[in-house]
Amino acid sequence: MITAQQREQLRGWFSGRLPDDLFEELAEVTVDREEITVIGCIPGPRPVEDASPAEREAAIEGRIQEFRERTRDARIAVARDAEHRFGRKVSWGVECAGRRALFTHVAAPVMTRLRQPERLVLDTLIAGGVARSRSEALAWCVRLVQRHTDDWLTELRESLEHVQRVRARGPDGEREEDGPTADGE
């Protein structure tokens, strides 16, 4: 877990390091223990009169693919710097005409020990066609919880940041000069 200040510093580093012409705007920088995900806004394709929804969707897909290919070298250079500096893999994505597309992302294994009742839940999701594997079913469950408890998770993250700040002020953290020392100096 990183603090809000560390998250802001990370976003600031990417804002300063990304080439000016890469994105119209830096939409989002998300980080966890394994990965930094950078999402930028790119311009949508020029509208065509009387274009069908399928044609508009294909044009957006084409614009995203063009951007991905054209900017590959620049994104790799930034990712190498970031991976060296922050010790995490960098993943990329874009927002284009209201659509979000991720180019790459880390699929990190999660070690867990589930008892039979939990395994049965996952197996039911598989049998119902919601997921193809227990791993996919578990990911589905996490997304469901995330969607329905977003406010609670935000509050929990904020409280964890507070705990980190308090720990940092402890005897092993950064020292603040509060006044004279025990020997009067």
Side-chain angles (χ1 to χ4, degrees), residues 1-18 22-41 75 78-96 98-126 128 130-131 133-182:
M1 179 89 197
I2 68 170
T3 66
Q5 181 181 4
Q6 290 168 325
R7 199 173 357 266
E8 289 168 4
Q9 289 171 340
L10 187 75
R11 183 180 173 88
W13 184 88
F14 275 98
S15 293
R17 177 59 181 84
L18 291 172
L22 188 64
F23 297 126
E24 286 185 322
E25 177 185 359
L26 183 59
E28 184 178 317
V29 177
T30 308
V31 62
D32 68 9
R33 284 190 243 179
E34 290 83 23
E35 176 181 30
I36 300 167
T37 303
V38 180
I39 308 286
C41 297
R75 289 182 294 107
V78 172
R80 281 189 186 129
D81 289 351
E83 288 170 8
H84 177 73
R85 181 180 181 105
F86 301 111
R88 293 172 171 92
K89 292 292 183 187
V90 176
S91 298
W92 298 94
V94 294
E95 288 183 357
C96 179
R99 180 161 170 235
R100 181 174 277 203
L102 290 176
F103 302 153
T104 56
H105 47 91
V106 173
V110 177
M111 301 302 289
T112 185
R113 295 182 190 272
L114 298 177
R115 290 185 166 72
Q116 189 175 34
E118 292 94 5
R119 292 191 311 267
L120 288 172
V121 169
L122 300 180
D123 292 343
T124 301
L125 293 171
I126 294 166
V130 173
S133 66
R134 283 182 173 172
S135 176
E136 192 175 288
L138 184 58
W140 184 88
C141 291
V142 169
R143 287 191 303 272
L144 181 67
V145 169
Q146 181 183 21
R147 185 176 307 127
H148 292 291
T149 60
D150 199 39
D151 291 340
W152 182 82
L153 288 173
T154 299
E155 187 177 338
L156 180 61
R157 286 184 191 109
E158 289 170 358
S159 68
L160 290 171
E161 288 176 12
H162 177 73
V163 168
Q164 286 180 337
R165 285 191 303 271
V166 170
R167 281 186 185 147
R169 290 192 310 247
D172 295 329
E174 295 177 16
R175 292 192 63 172
E176 294 181 18
E177 296 300 324
D178 292 329
T181 59

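Computed over heavy atoms, backbone and side chain alike; hydrogens, waters and symmetry mates excluded. All values derive from a computational prediction rather than experimental measurement.
Taking every heavy atom of both residues into account, Cys41 and Ala27 meet most closely at SG-CB, 3.8 Å. Contact detail for Thr104 and Ser91: the closest heavy-atom pair is O-CB, 3.1 Å. In plain terms, the two heavy atoms of Leu153 and Gln146 that are nearest each other are CD1-CA, 4.0 Å. Closest approach of Arg119 to Leu114, counting heavy atoms only: NH1-O, 2.7 Å. In plain terms, the two heavy atoms of Val38 and Val90 that are nearest each other are CG2-CG1, 4.2 Å.
In this structure, Asp151 CG and Leu156 CG are separated by 12.5 Å, a value rounded to the nearest 0.5 Å. Rounded to the nearest 0.5 angstrom, Leu10 CG and Arg88 CZ are separated by 7.5 Å. In this structure, CZ on Arg134 lies 11.5 Å from CG on Leu125, to the nearest 0.5 angstrom. The structure places CD of Glu24 at 8.5 Å from SG of Cys96, a figure rounded to the nearest 0.5 Å. His162 NE2 to Thr3 OG1: the interatomic distance, rounded to the nearest 0.5 Å, is 13.5 Å. If you take CD on Glu118 and CG on Asp123, they are separated by 11.5 Å, rounding to the nearest 0.5 Å.
At a threshold of 4.5 Å between non-hydrogen side-chain atoms, the residues Ile39 and Phe23 do not count as touching. Side-chain contact between Leu122 and Cys141 is present, with heavy atoms from C-beta onward closer than 4.5 Å. A heavy-atom distance below 4.5 Å is found between the side chains of Glu161 and Arg7. Under the 4.5 Å side-chain criterion, counting only non-hydrogen atoms from C-beta, Asp81 is in contact with Trp13. Between Trp92 and Val78, the closest side-chain pair of non-hydrogen atoms falls below 4.5 Å.
When only modelled atom types and interatomic distance are considered, Glu28 and Thr30 share a side-chain donor-acceptor pair under 3.5 Å.
Salt-bridge formation is not detected for the pair Glu35/Lys89: no Lys NZ or Arg NE/NH1/NH2 atom is positioned less than 4.0 Å from an Asp or Glu carboxylate oxygen.
Counted within 6.0 Å of CD on Glu155, heavy atoms from surrounding residues, nucleotides or ligands total 12 or fewer; the atom is thus considered open. The number of heavy atoms from other shown groups lying within 6.0 Å of CZ (Arg17) is above 12. Counted within 6.0 Å of NE2 on His84, heavy atoms from surrounding residues, nucleotides or ligands total 12 or fewer; the atom is thus considered open.
Side-chain atoms of Glu136 do not come within 3.5 Å of backbone N or O of Ser133 as any donor-acceptor pair. Within the 3.5 Å criterion, the main-chain N or O of Leu26 finds a donor-acceptor partner in the side chain of Arg11.
Using cut-offs of 30° and 60° on the angle between ring planes, the pair Phe86 and Phe14 is parallel.
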